[in-house]
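Labels below follow one simple rule: chain letters A, B, ... track the order of the sequence lines, proteins then strands, and each chain is numbered from 1.
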Amino acid sequence: MDFTANRRRLNQPIINDSLSELYRHDLNMYVDPPSQSISLSEFEDIALQRVQLFRIIEQASLKGHKLYTDDWKECIKGDLSKATLKSFIRLMQPYNGQTEADHQARRIDHISHFILRVAYCRSEELRRWFLSRELEWFRLKFSEKSAESIRSFLELYKLSYTPISDEEKMELREELTQSTSGIFVLDTTAFYKVPFTEVCPLVKNRRVLLKGGYAYVPSYELVVPILSKFRADLSAALTFYNRRLPLFDDDRINPLLTNLHRVHTGNNYVVRENTDSVDPANLDAYSKKHFPLCMRHMHDVLRAEHHHKHQARLTYGLFLKGIGLLYEDAVRFWRDEFTKKMDSGKFEKSYLYNIKHQYGKVGRMLNYTPYSCMKIILTNVGPGEHHGCPFRNWDPNFIKQKLVEGGISNENANEIKELASGGHCQVACGKYFEYSHGKAAANGINHPNQYFEESVNLEKGNAESKK
RNA sequence: GGCGGC
DNA sequence: GCCGCCAACATA
Ligand code: SF4
């Protein structure tokens, strides 16, 4: 886009008779910057639309929908139409129409992309965020496209992927069915012969047939080589724009461009440093007296196995930070356990950075809040993982057994077991608190750290009243 | 674990 | 293979 040119041009009316020529397809690789003039107010409006689009996409993932699932897409479409960003929805239709509205939608998509390039090339962090959203957006549109529509896209961008002939497919039918991952019907799925260097991720994970230097990519994976080109180009472009930033210097648009990201960064700066620090030597005792079952369990597992998978390190690590374990103590705590199974060089290389990050000492230096019950309950745990809520994930009988071992009466343990198998984890947890402390938590349980704090306070209270 | 860089 | 960066959100 040419902001540096003659300023008067900005106020001229939009000439759009060539729109249909320029915007034939919903899928855009954004190779050429827009060359038309645009009014300042539309410039602003369009930029904000894309930021909103990306925020909605990001939000859909944050809500827990897995990327590219139908759930995820529905969520995005729903939010888009609520936000009256219908033009983006239009770009997700399987066939690309050639109506006036279609061309307009593509024009907005095109121009807004280039505006955001200028806005988001400014820092490493912004570039990363922007790149991820752009990739998701492209892939989202791509995944909704019909075979026909994809074919015309390939042609338009001179991407020379052509499906192999039926005869060739027949010859390779055995090998194709055997070495292609995913569910597909051989007869109706098109396969593309692609130099294997363009689809490294697919080859590495053995998801496609590899033969004579060529990978046979099924149509539903064709997005992979395209996306990697898209990524490479955009990533390079952003560094390029960043270096040329002075060329875009223009006091009419600067305020908008520099503030654009704050729209989505929004309001998250809370720091509080009020909790007393906790002596790491007391952790074993605390875990028995004051930890909720989920944290108690992770503590025990760590002591027993001297290891935790990634998600447990994070969940438990943040919890510990939340109860007042200082950074230095946390490092020593994890190191002492982990180095029982590895040397300290390995520990430092693979885990130290993450601990620093948890404590807000590197990167964006944020002070992350420990996970709430809701997150812990909803997260699913794979084999060898322990970061879930016991009331949700353990076998009911095992729950009961553990409770009784922990000194809960048979009758009470049964009650908790029933609550848990009814899916009422937090209620069960509240009862567990009540029966092991002799007093219910004031407001129920909805955060592990709240459980801890109420438990400690209760003890303090008892100590006071005994005097 | 995911993403990203070489 | 080496490395950096991210996630969260109760709460009186
Ligand atoms: S309800 Fe919350 S605090 Fe209690 S065990 Fe489950 S996740 Fe932990």
Please give, in whole Å, the distance from [N] [atom2] to [X] [atom1]?
X	N	atom1	atom2	answer
Tyr68(A)	G2(B)	OH	C1'	12 Å
Met374(A)	dC9(C)	CE	C1'	13 Å
Leu320(A)	dA8(C)	CG	P	18 Å
Lys346(A)	dC3(C)	NZ	C1'	14 Å
Leu126(A)	dC6(C)	CG	C1'	15 Å
Arg364(A)	dC9(C)	CZ	C1'	14 Å
Arg127(A)	dG4(C)	CZ	C1'	14 Å
Leu131(A)	G2(B)	CG	P	18 Å

Should the side chain of His447(A) and the base of dA8(C) be counted as holding a donor-acceptor pair, with the cut-off at 3.5 Å?
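In this structure, the two groups form no donor-acceptor pair.
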
Could you tell me which residues satisfy ring-ring contact (aromatic ring centres under 6.0 Å, His included) with Phe391(A), sequence neighbours excluded, listed by chain and number?
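Counting only residues at least two positions away or on another chain, Phe391(A) forms no ring-ring contact (aromatic ring centres under 6.0 Å, His included).
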
Side chain of [X] (C-beta onward), nearest among [options]:
X	options	answer
Arg128(A)	dC9(C), dC5(C), dA10(C)	dC5(C)
Asn449(A)	dA10(C), G1(B), dC5(C)	dA10(C)
Tyr371(A)	dC6(C), dC9(C), G5(B)	dC9(C)

Is any side-chain nitrogen or oxygen of [X] closer than 4.0 Å to OP1 or OP2 of [N]?
X	N	value
Asn446(A)	dT11(C)	yes
Arg313(A)	G1(B)	no
Ser372(A)	dA10(C)	no
Ser235(A)	G5(B)	yes

Name all residues meeting the salt bridge (Lys or Arg N to Asp or Glu O under 4.0 Å) criterion together with Asp279(A); count only those two or more places apart in sequence or in a different chain, and write none if there are none.
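Here no residue qualifies.
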
Which class fits the ring pair His307(A) and Tyr351(A): parallel under 30°, tilted 30 to 60°, perpendicular over 60°?
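His307(A) vs Tyr351(A) ring planes: perpendicular.
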
Given the side-chain rings of [X] and [Y], with only the six-membered ring counted for Trp, is the space between their centroids under 6.0 Å?
X	Y	value
Phe338(A)	His308(A)	no
Tyr216(A)	Tyr192(A)	no
Trp334(A)	Phe347(A)	no

State which residue, out of Val208(A), Leu210(A), Val194(A), Thr180(A), fulfils the side chain to side chain contact (heavy atoms under 4.5 Å, CB included) condition with Leu202(A).
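Only match with Leu202(A) under side chain to side chain contact (heavy atoms under 4.5 Å, CB included): Val208(A).
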
Contacting residues from residues 349-358 of chain A, given that a heavy atom lies under 4.0 angstrom of DNA chain C
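Nucleic-acid contacts, sorted: Lys349(A), Tyr353(A), Asn354(A), His357(A).
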
Want to settle it: does Gly322(A) or Tyr368(A) sit nearer the 5' end of DNA chain C, counting the closest nucleotide to each?
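Its nearest nucleotide being more 5', the pick is Tyr368(A).
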
